[in-house]
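What you see below is based on every heavy atom in this structure, not just the backbone, and it leaves out hydrogens, waters and symmetry mates. Not measured: the values here are computed from a predicted model.
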Amino acid sequence: MSSVSATHLIMFIGSLVIASAVAGTVIVEIGSVSDTIEVRGTSIADEIETDVAIISDESQSETFVSDGGDEVTILAKNIGHGDIPRTEIDVLVDGSYTNTYEYERVDVDKTDDWGPGGVVELTITPESTVSGDTTVTVIADGNEDTIAFYYDGS
């Protein structure tokens, strides 16, 4: 009878060791998932806080495309709640990235960062001359807005 009790005791201790190992692994994984959710939530909150809108009138392309189509000048407004650093602005013309643009604040606040409600004028020099159907996308800190217009070159 004592051999049955010893066997049960060994099995019980073994099951406790296995249960402890499983519980430890689960706790570590839960901590990892929790950290990932926190980081992603912060990132989403930053994106929600930042938003941009192109306020140039797409029906008046002759007012923001230079003669010959060498430059496109658009107005964009920060409609979010946070500042957008100048370094966080990217521009695409017809889907092609261009880093050749001038940035100028045209509202009252002339600071380098683009504050909430602020308007900037972006003068873009695309890789090729603008003509026909054209899209310009402004990406600011993960948020974007696109303007599509037709320019006939005259």
Side-chain angles (χ1 to χ4, degrees), residues 1-59 61 64 71-128 130 132-151:
M1 186 105 157
S2 69
S3 65
V4 173
S5 296
T7 304
H8 284 114
L9 183 61
I10 291 172
M11 294 298 277
F12 178 71
I13 291 172
S15 63
L16 285 177
V17 168
I18 291 172
S20 297
V22 169
T25 302
V26 169
I27 289 172
V28 168
E29 290 303 315
I30 287 174
S32 175
V33 169
S34 173
D35 291 343
T36 303
I37 290 171
E38 183 178 342
V39 167
R40 182 67 177 143
T42 302
S43 174
I44 294 293
D46 290 344
E47 283 185 31
I48 290 171
E49 191 172 291
T50 307
D51 203 2
V52 62
I54 296 174
I55 58 174
S56 296
D57 184 3
E58 61 190 26
S59 67
S61 63
F64 56 86
E71 289 184 339
V72 177
T73 302
I74 59 169
L75 297 173
K77 184 174 185 175
N78 178 355
I79 58 174
H81 300 290
D83 288 350
I84 300 173
R86 183 180 193 155
T87 57
E88 294 295 319
I89 300 171
D90 294 315
V91 178
L92 303 175
V93 178
D94 288 333
S96 296
Y97 174 77
T98 180
N99 61 357
T100 311
Y101 65 87
E102 294 176 24
Y103 167 100
E104 181 182 349
R105 293 287 302 265
V106 293
D107 55 356
V108 178
D109 186 8
K110 298 288 187 177
T111 61
D112 211 25
D113 283 347
W114 185 10
V119 177
V120 296
E121 180 181 77
L122 298 170
T123 303
I124 306 151
T125 307
E127 292 181 11
S128 60
V130 173
D133 290 324
T134 304
T135 60
V136 175
T137 302
V138 175
I139 305 169
D141 204 20
N143 292 283
E144 64 182 63
D145 193 21
T146 300
I147 185 171
F149 59 90
Y150 180 81
Y151 180 69

**Message:** Run V130 and F149 through side-chain contact (heavy atoms from CB on, under 4.5 Å) and show every step you take.
**Reply:** CA-CA 10 Å; V130 173; F149 59 90; 4.0 Å; yes
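Distance OG/S5 to CD1/I10: 11.0 Å, rounded to 0.5 Å. Considering CG of L92 and OH of Y97, their distance stands at 8.5 Å, rounded to 0.5 Å. Here the straight-line distance linking atom CG of D35 with atom CZ of R40 works out to 15.5 Å at 0.5 Å rounding. Here the OG1 atom belonging to T137 is positioned 9.0 Å from the CD1 atom belonging to I74, to the nearest 0.5 angstrom.
Of all non-hydrogen atoms in T135 and A148, the two that sit nearest each other are CG2-CB, 3.9 Å. Nearest heavy-atom pair across G80 and P116 is O-CB, 3.5 Å. Considering all non-hydrogen atoms of both residues, I147 and E58 come closest at CG1-CB, 3.5 Å. Contact between P85 and D83 at its shortest, heavy atoms only, is CD-O, 3.7 Å. Annotation for D145 and V52: closest pair CB-O, 3.6 Å, computed over non-hydrogen atoms. The two residues W114 and K77 come nearest to each other via the heavy atoms CZ2-C, 3.5 Å.
The closest side-chain heavy-atom distance from V72 to Y151 is not below 4.5 Å. Contact of the D94 side chain with the T134 side chain is registered, since non-hydrogen atoms from C-beta on lie closer than 4.5 Å. Proximity of L75 to F64: side-chain heavy atoms (C-beta onward) are nowhere separated by under 4.5 Å.
Remark: side-chain polar atoms of N78 are paired, donor with acceptor, to backbone N or O of G115 under 3.5 angstrom. At least one donor-acceptor pair under 3.5 Å links the side chain of Y101 to the backbone N or O of I89. A side-chain donor-acceptor contact under 3.5 Å links S15 to the backbone of M11.
Among residues two or more places apart in sequence or in another chain, the side chain to side chain donor-acceptor pair (under 3.5 Å) test is passed with D57 by S59.
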Donor-acceptor pairs under 3.5 angstrom involving side-chain atoms of residues 117-127: please list them, not counting sequence neighbours.
none

